[in-house]
Amino acid sequence: MQLISAPELAQWLADESRPRPVLLDVREDWEVQTCAMPGITHIPMGQIVARAAELDEDADIVCVCHHGARSMQVASFLERQHGFGKVYNLTGGVHAWAEQVDPAMPRY
């Protein structure tokens, strides 16, 4: 698993020469309804075991949660239990995204 900061992810998403990563948001439904990054794939952490097969193991996957702890657990699970090779954890989660990239994003 690799770590990626909010500004690094913003640069990646803005770079049209790079394939867009899957933004795997593992927060609960109410959290995603409160605020979400554009273009996410939403699978709550508690459903990852049952739904991991929905993800392309060859894709770049950036795991996202509120502050980065839950997403780090999911990234580790995908890498160790399912052999995903290109998994990233968004350091600081959507909170860091709101602070460093999108100040208009609601916070909770």
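What you are looking at is a predicted structure, and each value in this text was computed from that prediction instead of being measured.
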Quick one: pull up [atom1] in [X] and [atom2] in [Y] and give me the separation to the nearest 0.5 Å.
X	Y	atom1	atom2	value
Ser76	Asn89	OG	CG	10.0 Å
Ser71	Ile61	OG	CD1	13.0 Å
His42	Arg27	NE2	CZ	7.0 Å
His95	Cys35	NE2	SG	10.5 Å
Cys65	Leu90	SG	CG	8.0 Å

Can you check whether [X] reaches [Y] side chain to side chain, under 4.5 Å on heavy atoms?
X	Y	result
Tyr88	Pro21	no
Asp25	Leu23	no
Phe84	Leu55	yes
Arg20	Leu13	yes
Met37	Met105	yes
Leu24	Leu78	yes
Val64	Trp97	no
Val26	Gln73	no

key: Full working for side chain to side chain contact (heavy atoms under 4.5 Å, CB included) between Leu3 and Met72   = CA-CA 9 Å; Leu3 301 179; Met72 184 174 285; 3.8 Å; yes
Going hydrophobic residue to hydrophobic residue with side-chain gaps under 4.5 angstrom, can you get from [X] over to [Y]?
X	Y	answer
Val62	Met45	no
Phe77	Met1	no
Ile43	Val49	yes

For the residue pair [X] and [Y], what are the closest heavy atoms and their distance?
X	Y	value
Arg107	Ala98	NH2-O, 3.0 Å
Pro44	Arg51	CD-NH1, 4.2 Å
Gln100	Pro7	OE1-CD, 2.9 Å

Pairing of Glu57 and Lys86 as salt bridge, 4.0 angstrom limit =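 No.
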query = Charged N to carboxylate O below 4.0 Å: is that the case for Arg70 and Glu31?
reply =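 Answer for the salt bridge query: yes.
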key: Arg80 atom CZ, neighbour heavy-atom count above 12 within 6.0 Å   =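 At most 12 heavy atoms, drawn from other residues, nucleotides or ligands, come within 6.0 Å of this atom.
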message = Applying the side-chain contact (heavy atoms from CB on, under 4.5 Å) criterion to Leu9, which one of Thr91, Val101, Ile4 satisfies it?
response =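 Output: one option passes, namely Ile4.
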Check: Tyr108 ring centre within less than 6.0 Å of His66 ring centre =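 Aromatic pair counts; centres sit under 6.0 Å.
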